[in-house]
Amino acid sequence: MSSIIAAYSGTFDPITLGHNDIIHRAARMFPQLIVAVGLNPAKNPRFSLEERCELVRAASGDLPNVEVKGFEGLVVDFARDNGVTVLVRGVRTVGDVDYEKQMAVMNRDLYPQLDTVMLAPSPEYAHLSSSLVRELTSLGAPVAKLVPKPVVPVLLERFGRKASRRTR
Ligand code: COA
């Protein structure tokens with residue numbers, strides 16, 4: 001069997017410790033993992049695609065089998081172009097499972113060679129999301145327990161209390 005290439009797709013606006021946990025788990029499971037950072041204009045991301053890719057790279061730099069790539073358009077096209085046959089997604093809640101199941105079936109319909117593997121993050125990260133992290137940062141909450149170390153200064157600079165005052 002040829003070696004499996006997996007991709008973990010998401011918006012990563014910005015990467016959180018929950019995402020990082022999934023990246024580390026998936027990197028142990030698959031010989032090659034691509035973190036696929038979606039342009040996702042519909043979500044109106046606060047960090048540019050380049051910034052989001054850079055932050056994921058900075059957070060996962062300790063993993064030799066992980067690379068980070070931005071993509072635009074359908075995730076199945078990214079998979080086809082990059083030889084990806086396994087899509088990794090994190091599921092935090094029962095609500096996530098329903099949504100992910102729908103996406104998994106749709107993606108497999110579009111590209112039958114692609115299967116989705118859902119991983120549960122550690123319970124301490126089950127409540128995390130990128131928008132919650134941005135909100136907590138703007139309200140002055142400590143962020144070191146929410147995002148990987150290299151993300152902390154960038155997040156504070158963009159969303160910290162002083163930054164919020166500057167943009168008022
Ligand atoms: N830890 C912390 N947060 C997590 C998480 C985890 N393990 N897993 C998911 N989340 C959060 C994210 O931070 C995000 O929070 P936010 O809404 O506050 O930003 C939220 O859950 C949604 O997750 P995300 O990873 O951004 O996925 P998404 O559902 O927005 O999907 C793409 C992003 C790019 C993968 C998806 O839109 C896509 O595949 N787009 C391409 C177009 C396409 O092919 N569409 C058809 C799909 S069937």
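Start at 1 with the first residue, then count along the sequence. In listed order, ligands and their atoms are each counted from 1.
- The shortest N/O to N/O separation between Ser131 and ligand 1 falls below 3.5 Å.
- When only interatomic distances are considered, the shortest N/O to N/O separation between Arg89 and ligand 1 falls below 3.5 Å.
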* Asked: What do the steps show when you test Lys43 against Asp13 for salt bridge (charged side-chain N to carboxylate O under 4.0 Å, His left out), and what is the final call?
  -> CA-CA 10 Å; Lys43 267 187 116 170; Asp13 188 35; over 6 Å; no
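- Listed by number with element, the atoms of ligand 1 under 4.0 Å from a non-hydrogen atom of Ser9 are 35 (C).
- The heavy atom nearest to atom 45 (N) of ligand 1, considering only Leu74, Thr16, Leu87, Val91, is found in Leu74.
- Of the residues listed (Val84, Thr85, Leu33), the one engaging Ile4 in a side chain to side chain contact (heavy atoms under 4.5 Å, CB included) is Thr85, and it is the only one.
- Protein non-hydrogen atoms do not reach within 4.0 Å of atom 38 (C) of ligand 1.
- Residue Val75 has at least one nitrogen or oxygen atom sitting less than 3.5 Å from a nitrogen or oxygen atom of ligand 1, judged on distance alone.
- Within the 4.0 Å heavy-atom shell around ligand 1 one does not find Asp13.
- Per-residue contacts place Ser129 under 4.0 angstrom from the following atoms of ligand 1 (heavy atoms of the residue considered): 3 (N), 13 (O), 15 (O), 18 (O).
- Closest heavy-atom approach to atom 33 (C) of ligand 1 among the candidates Leu146, Thr11, Leu119: Thr11.
- Ring geometry for Phe71 against Phe78 counts as tilted: the plane angle lies between 30° and 60°, on a 0 to 90° scale.
- Taking only non-hydrogen atoms, the option from Gln102, Arg92, Arg134 nearest to atom 21 (O) of ligand 1 is Arg92.
- The backbone N or O of Ala27 lies less than 3.5 Å from a partner atom in the side chain of Asn65, making a donor-acceptor pair.
- Cation-pi check for Arg80 over Tyr111 is met; the charged atom lies under 6.0 angstrom from the ring centroid and within 45 degrees of its normal.
- The proximity of Met106 to ligand 1, defined as any non-hydrogen pair under 4.0 Å, is limited to the side chain.
- Ionic pairing of Asp98 and Lys101 is not present here: no N-O contact between side-chain nitrogen and carboxylate oxygen is shorter than 4.0 angstrom.
- Below 3.5 Å of separation, one finds an N or O of Lys43 facing an N or O of ligand 1.
- Aromatic rings of Phe47 and Phe159 (six-membered ring for Trp) have centroids within the 6.0 Å cut-off, being under it.
- Under the 3.5 Å distance criterion, the side-chain polar atoms of Arg57 are matched with a main-chain donor or acceptor of Val68.
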* To do: Show the numbers, then the answer: is there a side chain to side chain donor-acceptor pair (under 3.5 Å) between Ser122 and Arg25?
  => CA-CA 10 Å; Ser122 298; Arg25 283 171 199 283; 2.7 Å; yes
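- Atom 13 (O) of ligand 1 has its nearest heavy-atom neighbour, among Gly73, Gly18, Ser130, Pro121, in Ser130.
- Residue Pro150 comes nearest to Pro153 through the heavy atom pair O-CD, 3.7 Å, listed as atom of the first residue, atom of the second, then distance.
- Checked by atom type and distance alone, the side chain of Arg108 never pairs as donor or acceptor with a backbone atom of Asp115 at under 3.5 Å.
- Here Glu51 pairs with Arg158 in a salt bridge; the nearest charged N to carboxylate O distance falls below 4.0 Å.
- Summarising the local packing, CD of Gln113 is surrounded by more than 12 heavy atoms from other residues, nucleotides or ligands at distances under 6.0 Å.
- Checking only distances, Tyr125 never comes within under 3.5 Å of ligand 1, N or O to N or O.
- With hydrogens left out, the protein atom closest to atom 36 (C) of ligand 1 is Asn40 ND2, 4.5 Å, a heavy atom.
- The nearest protein atom to atom 25 (O) of ligand 1, hydrogens excluded, is given as Gly10 CA, 3.4 Å; this is a heavy-atom distance.
- Below 3.5 Å of separation, one finds an N or O of Tyr99 facing an N or O of ligand 1.
- Scanning the protein heavy atoms around atom 3 (N) of ligand 1, the nearest turns out to be Leu128 O, 3.2 Å.
- The Ile22 neighbourhood of ligand 1 comprises atoms 7 (N), with distances under 4.0 Å to a heavy atom of that residue.
- Nearest protein heavy-atom neighbour of atom 48 (S) of ligand 1: Asn107 OD1, 3.5 Å.
- No N or O atom of Phe12 sits closer than 3.5 Å to an N or O atom of ligand 1.
- Under the 3.5 Å distance criterion, the side-chain polar atoms of His19 are matched with a main-chain donor or acceptor of Thr16.
- The protein non-hydrogen atom at the shortest distance from atom 12 (C) of ligand 1 is His19 NE2, 3.6 Å.
- Heavy atoms of Ala42 come nearer than 4.0 angstrom to ligand 1 in no pair at all.
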